[in-house]
Structures are given as structure tokens and as C-alpha cells.
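Structure first, then comments.
Order of the sequence lines fixes the chain letters, A, B, ..., with proteins taken first and strands second; residue numbering starts at 1 for each chain.
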There are 2 protein chains.
Amino acid sequence: MKNDSKKKATIYDLSVISGISPSTVSAVLNGTWRKRRIKESTADLIRDLAEKHQYTTNRQAQGLRSSRSGLVGLMLPVYDNRYFSSMAQTFEAHVRRHGQCPIVVSSSRDPQEERETAESLISYSIDALFVCGATDPDGVHAVCEKAGLKHINIDLPGSRTHSVISDNYTGGRILTEAIIRQFSAGDPLQPEELLLFGGRNDHASRERIRGFRDVKQEMMGADIDASIQPTGYSPNTARIAFESFYEKAGRLPRALFINSSINFEGLLRFMSAHPHENFADLVVGCYDYDPFASFLPFPVLMMRQDVEGMIAKAFELIEELPGPPQIHLIRPDLVLPRTALPGPLDSLKDID
Amino acid sequence: MKNDSKKKATIYDLSVISGISPSTVSAVLNGTWRKRRIKESTADLIRDLAEKHQYTTNRQAQGLRSSRSGLVGLMLPVYDNRYFSSMAQTFEAHVRRHGQCPIVVSSSRDPQEERETAESLISYSIDALFVCGATDPDGVHAVCEKAGLKHINIDLPGSRTHSVISDNYTGGRILTEAIIRQFSAGDPLQPEELLLFGGRNDHASRERIRGFRDVKQEMMGADIDASIQPTGYSPNTARIAFESFYEKAGRLPRALFINSSINFEGLLRFMSAHPHENFADLVVGCYDYDPFASFLPFPVLMMRQDVEGMIAKAFELIEELPGPPQIHLIRPDLVLPRTALPGPLDSLKDID
DNA sequence: CTTTATTGCACAATCGATGGTGCAATAAAT
DNA sequence: ATTTATTGCACCATCGATTGTGCAATAAAG
């Protein structure tokens, strides 16, 4: 219970107190002591001492010497939506389960910031980096490569290392089909009544759009060129797109395929400026799942990306990096309107 | 452009190449060179060299020597809701602005995990810790104190160091009043028709409940004991509470004060099992803001906690720790139904 | 043309943990 | 009773950056 107030105990302190050499103390405390043929009794002695003095190893020193830090990084575009925040939550659980420390940062979808963020994490000697939703995964790859850092892409694929992503084409198809089926045979949806909003020129958007178009062709026999309204990933550009459509057409389309929950927030902004009636017979499909969105006053179909599956697969792959880069597709699930799915929070014990 | 592949350049490498001593190189690269009276020209030379060899300082070594890491920690209960994820987003922006590296971890509202998480962060020599929504802030305080680590409480107050929290009493009052005012004078809300669900026995819940009760007394002249249904912070316990109320009463209360968006998800789960009609004339007030929740098919009033304000205040206070612990209240804002507020995402530039 | 000040930098110890190597003391083999 | 093996641990260099100190070389003062 010695509380040498302020300063943390080091192996040297324990060494002096016990008369045992620092290297032996170190070996005992980091578990390599059997290999070094340390007596069981000495080990016990040191462990007791460590306990008593509340020793914890200085990870900076350890990391400096061993060039491994125990830190595992996750680079996210942003935190503030349900998809990425549950990504963070799931990631953290995995990393902690491996006895390491998660370090989550966001890089705002800016290629340069992505590279700088990676550099910055590398300067802490992180052991691995999960690159999620990067705008320029290959740029980040170059940085990691040079530093000899294990890394993997999630959500958006790169061409230089393994990627684990949502099966966007299939997801896009499923969602589009589900939207169309929301309409009765008596008054079926017409090609020009179903528009896709959001996204940009990235792999995910392109694949979703391809699925969207293919299904429209197959089910409706046609598509129109103007049915794609890429607005980037921001609420406001999406809002503006909705507004300008509304200006021209005098109403919203009967059905919307919205490319992400972030863009969906653009629709919310539009809604706040227009009365309920405009949304009475609207059907929305959104490529992302948000529990609250699922209960909006009009039917909302959502694609829930399998975050748990993606993270798990990524952890599996990151250990076996050799071989040509592959893209692993993880199938997302369609979530019907008015559905509240359990999430990472449900596994927490709740203390009252 | 020398790419000595694999290994990162160190000050020793630059020293050898330039014939200048490591200490001088170090001084130049960390900015203390003027103090050391290094010639401007030598400094330039070294900086060029550093640039050319893509030198970045090894933060582990730097941290070991200086016992400061440049890491600033944020401990969250969970990531996965809009309140905490925007906390993370805002926190990160502040930390990066100070040239440091954010490290965000969650500790599941478990006092022991909170302490262990703190210990773990301390072993990385983090420079400061923001303790957000901790179940046992004073337990975490003890750990930080012993390690001489600057820290501050957010969201839930502790008694041993400064705290920055939402003005829960006022917020509770405002929200309760707004809920009551949603009902017309012709058919006013009765005390037994307004119930509070969610929360537990923590400071925030207690204060909100106090505000809730006070306003009910003042505006309705009465309250009933059974009007408080604490369910902890989990969707499922909240769902069960709604179900069991519904079983007994045959319907939901006309108006609900829900203690957090997490508990609100419990209502969603309840809703998914019951037809629309049950919610036709429901009014909900929720102490948290979520843009999608604001557009549900019944009026939803939300209290938006001023995350930006809280984080900013916390950063201000953490620098001047001496003095008796104080609690700083940050006023939350009432958000009317069908409101989509801008968030941290809006400040990102969007590249198309 | 000395003496003193100033400039510019090199040296070396240090932060805490790790792991290769070497060397006693004890045990086993001859 | 030697020789050989094995056990148990101490020594020391090392990871990369920081910082107090010292000492030349140059400039300023006398």
C-alpha cells in the first residue's frame, strides 16, 4: 500500500526494494519469465510487490523498446452518425478483447487529412490501422506501407490492400426492389418517380447506383438519366437538392433512394421547412440504418450494414496480409419500416 | 526523397547525414532551437533534411523523456448515440486544434471498467483526461489524482474535481413545461397523464426529476408518486417499463418525459410491437436531441445539450485546476418538433 | 593585443522497459 | 571427486528524444 505519492513505481523501484535486478523484474511482469528460467518463488515475490506498489508498466517505454505500442487505430470519416458510431463501438470492443487499446480518430473525408492523421498515428507506433470510409485509401496505404504498418480498408475499398466493405451492389438492388414493392399494383411506381439522392463518386455510391439502375430496368423496364442526384455526403447539399427538385416539380418524388443517413438528414431539413402533407405518400429507402429514422411518419426502408461482421472480418484479415489485395463483401440487411434493432448498447450490463 | 524503406528516420540519422549533433537536430525539430542559440542557417539545413527524409518524431521516445505524450483522453459511457458521438466529434476537433491527439474510449457505465480504463490511459502517459458521463467520477478521480493527471468531469459531476454539466434542473423544467403546453386549455394534461421514464439514481436524473416534479406542482398543482419510472440507461429496460405500463393501463400515458435518447429507443421497440393508433395523440419530451427523433409521427420535444459549450468550458477549466471543485452548469436548449439542427458535420468541407 | 562576452554547438545522462549474453551456484553424470 | 549440464539471475546495450552543462570559436570591450 506504499503510496509514493505522485510518481508511479517503475521496475527499478521494485528492483531496489526487492534486491532483484530490473531485467528480472521486467521479465516477471511481462510474462517472459519462464523463458528466462526465473524461479517461481521469485516471480511470486515480484508480483506481490508490484501489486502492493500498484505498478503499471509505462507503455511509452515499453513501446519505445519493443516498437509496438498496444494501440490499434480506427480512422473514421466522422463520428456523428449511427453507422460510424456503431463502427467505433464495435471496433473498441474487439480491440479491448485483444488486450489492446483502441484509438479512434476522424479525418473528415479529406484525403490530405487522412494521410496526416495516419502519419500522426504512426508516430505513436500504433500496431495496426483500420481505415474506414477513406476518400483516398490508397494514399493512406502509401503512408502505412512506408512505415511498415499493418492496415486494412473498411467501408470503402482501396486497390493496394485488403478491403472489407458492404455489398453495395446487392444492397442497392435489395433496397430499390423493396422500395418499388411498397407501391400497389394498382398504382405502381413509375421510373421517373423514384430518384436517388446523395453520395458522390466513390465506390460505394457507384455500386449502389448500379444496383439501383439495374433493378429499375428489370422491374420497370426503364430508367431516366436524371434519376441520380449525387450531393456528396453532407446534410446541407442534400437539402438543397431536395429543395431544387421541389421548386421545379412542385413536389417531391413519390419515392426516394437516399444514399446515407447523413443525406437523410438533408431530407429532415427540407421537411422542417415544408408542411406534413408533402410527405403523406412518400416512401424512402435509405442506405444506412438509424432506429429513429425507421419510425418516421412515412414508410422508411433501411439497409443495415453489418458492422459487426465487417469488423470481425477485418480483424481476421489484418493478421494475414500477404497475397494480392482482395475485396470482401459483407451482405447488408434490409430493415422494414418501424423496426428497432438491438445494437452494441444492448450487450452492456445496466447497473441501477 | 531518400526512401530508406521500412525504417523511419531518427534524429540520429539526420545527425549522421548532416554532421550535426543529435541534440542540435532535436532542438531544431522541436522548436527549442532559439533558446539554444542555434544558427538560423543550421536550423534551415536540418529542417530541409528532415523534410527530405520525411522525418517525424517518435512520440513514444519523446513522451518517455518528457513524460508528456500529446495524447488527450475522453472517456465516454458509450459511443452509439447522437449525444455521445457528437461529444466525441466536438472533443476531437478541440484536441486537434491544440495540436494534440485525441484518444476516445468507452467504459460502459461500469465503475470498475471506468477505473481500469483510466489506468490504462495513464499507462500511455496521456496529458489530460475528460471524464464524461462516468457512473463513479470520484473513483476515476482517485486514479487520476494518484498519477498526477489533469482531469475534469463532464455530463455527470464528481465531488473531487471541477465538473461541467448540463443544467439538468432547468432543462427538466423547460422540457416539462413545454410538454404540458402542448395540450390545449380545453383538454389539459392531468398530473397522472404525464410520466417520466428512464434514467437511474445519478445526478442528472435526479435533477431532471426534480425539475419535472416542481413544474408539475406549479402548473398542475399536483404530482403523483408513480410518475417516475427509472429504468436505467438501456433501451430494453425502458421497453419493458412501457410494456408493463401498457399492460396495466391499456394504453400509454398521454405524455412522456423520456430521460435520454437511449431510453427513447426503448419506446421505439415498444412501438414496433404496437400499431400506430397507440401513438396518435402522444406527446414526448426527450432529454437529448436526435434529428430523426424530432420528426416522428407525434410531437417530440427535445432538449439539446450544448455539447460545444460543455467541451469548450471543460477545456478552459482543465488548465486551471487549483481551487475547490466547482460545478459549471451549461444551459441546454429546447428543440421544437420537426427541427433539424446543424451539427458538427456541417463544418466539414465536402469534396465532390 | 589581451580580456571578457557572446555565439554556436557537442557531450552525455536520462526517461522505463527489453532481451542478448555471461557467469556463478547447484545438480547430474562420469 | 571431477567434469558437464542445468538453473537462476545480473549486466549492459538499446529504443529515440530531451536537456543541463561545458567548451571552443568568434566578437566586443578595454
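Across residues 119-129 of chain B, not one residue has a non-hydrogen atom less than 4.0 Å from an atom of DNA chain D. Near DNA chain C, meaning a heavy atom under 4.0 Å from it, residues 56-72 of chain B has B:L64, B:R65 in order of number.
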Worked check of side chain to side chain donor-acceptor pair (under 3.5 Å) between B:D80 and A:S86: CA-CA 5 Å; B:D80 202 10; A:S86 76; 4.7 Å; no
Worked verdict on B:Q89 versus A:V78 for side-chain contact (heavy atoms from CB on, under 4.5 Å): CA-CA 7 Å; B:Q89 186 87 52; A:V78 296; 3.6 Å; yes
Full working for side chain to side chain donor-acceptor pair (under 3.5 Å) between A:S159 and A:D138: CA-CA 7 Å; A:S159 64; A:D138 290 345; 2.6 Å; yes
A:Q54 vs A:K8, side chain to side chain donor-acceptor pair (under 3.5 Å): CA-CA, chis, key distance, verdict: CA-CA 8 Å; A:Q54 311 198 55; A:K8 306 220 62 175; over 6 Å; no
Side chain to side chain donor-acceptor pair (under 3.5 Å) evaluation trace for B:E308 with B:T90: CA-CA 6 Å; B:E308 173 61 36; B:T90 306; 4.6 Å; no
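Distance NZ (B:K35) to P (D:dT19): 7 Å, rounded to an integer number of Å. The distance between atom CZ of B:R36 and atom P of D:dA17, rounded to the nearest whole Å, is 15 Å. B:D13 has its CG atom 15 Å from the P atom of D:dT14, to the nearest Å. Whole-Å rounding puts the A:E40 CD to D:dC9 C1' distance at 16 Å. D:dG20 atom P lies 13 Å from atom CZ of B:R37, rounded to whole Å.
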Quiz: residues 10-25 of chain B side-chain donor-acceptor pairs under 3.5 angstrom, not counting sequence neighbours:
residue : atom : partner : partner atom : Å
B:T10   : OG1  : B:Y12   : N            : 3.1
B:T10   : OG1  : B:D13   : N            : 3.3
B:D13   : OD2  : B:T10   : N            : 2.9
B:S15   : OG   : B:I20   : O            : 2.6
B:S18   : OG   : B:L14   : O            : 2.7
B:S18   : OG   : B:S15   : O            : 3.3
B:S18   : OG   : B:I20   : N            : 3.2
B:S21   : OG   : B:S23   : OG           : 3.1
B:S21   : OG   : B:T24   : N            : 3.3
B:S21   : OG   : B:T24   : OG1          : 3.1

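Evaluation of the ring-ring contact (aromatic ring centres under 6.0 Å, His included) rule for A:H94 yields A:F315 as partners, not counting sequence neighbours.
B:N30 has no side-chain polar atom (N or O) that falls below the 4.0 Å cut-off from OP1 or OP2 of D:dA17. An OP1 or OP2 oxygen of D:dT19 is reached within less than 4.0 angstrom by no side-chain nitrogen or oxygen of B:S26.
Remark: A:R96 engages B:E113 in a salt bridge, criterion side-chain N to carboxylate O under 4.0 Å. With respect to A:K150 and A:E319, a salt bridge is recorded, a charged nitrogen being found less than 4.0 Å from a carboxylate O.
Within the nucleic acid shown, A:L29 has no heavy atom closer than 4.0 Å to any nucleic acid atom.
Taking the nucleotide of DNA chain D with the nearest heavy atom to each of A:G19 and A:Y12, the more 5' of the two is matched to A:G19.
Under the 4.5 Å side-chain criterion, counting only non-hydrogen atoms from C-beta, A:I103 is in contact with A:L121. At a threshold of 4.5 Å between non-hydrogen side-chain atoms, the residues B:E114 and B:D110 do not count as touching. B:Q62 has its side chain out of reach of B:N58: every pair of non-hydrogen atoms, C-beta onward, lies at least 4.5 Å apart.
Test A:R160, A:H151, A:R115 against A:C144 for side-chain contact (heavy atoms from CB on, under 4.5 Å) and you get one pass: A:H151.
Summarising the local packing, CZ of A:R47 is surrounded by more than 12 heavy atoms from other residues, nucleotides or ligands at distances under 6.0 Å.
In 5' to 3' order, the nucleotides of DNA chain C bounding all contacts with chain B (an atom under 4.0 Å from a heavy atom) are C:dT7 to C:dG16.
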Dot-bracket encoding per residue of DNA chain C, Watson-Crick/G-U cut-off under 3.5 Å, | denoting interstrand: ||||||||||||||||||||||||||||||
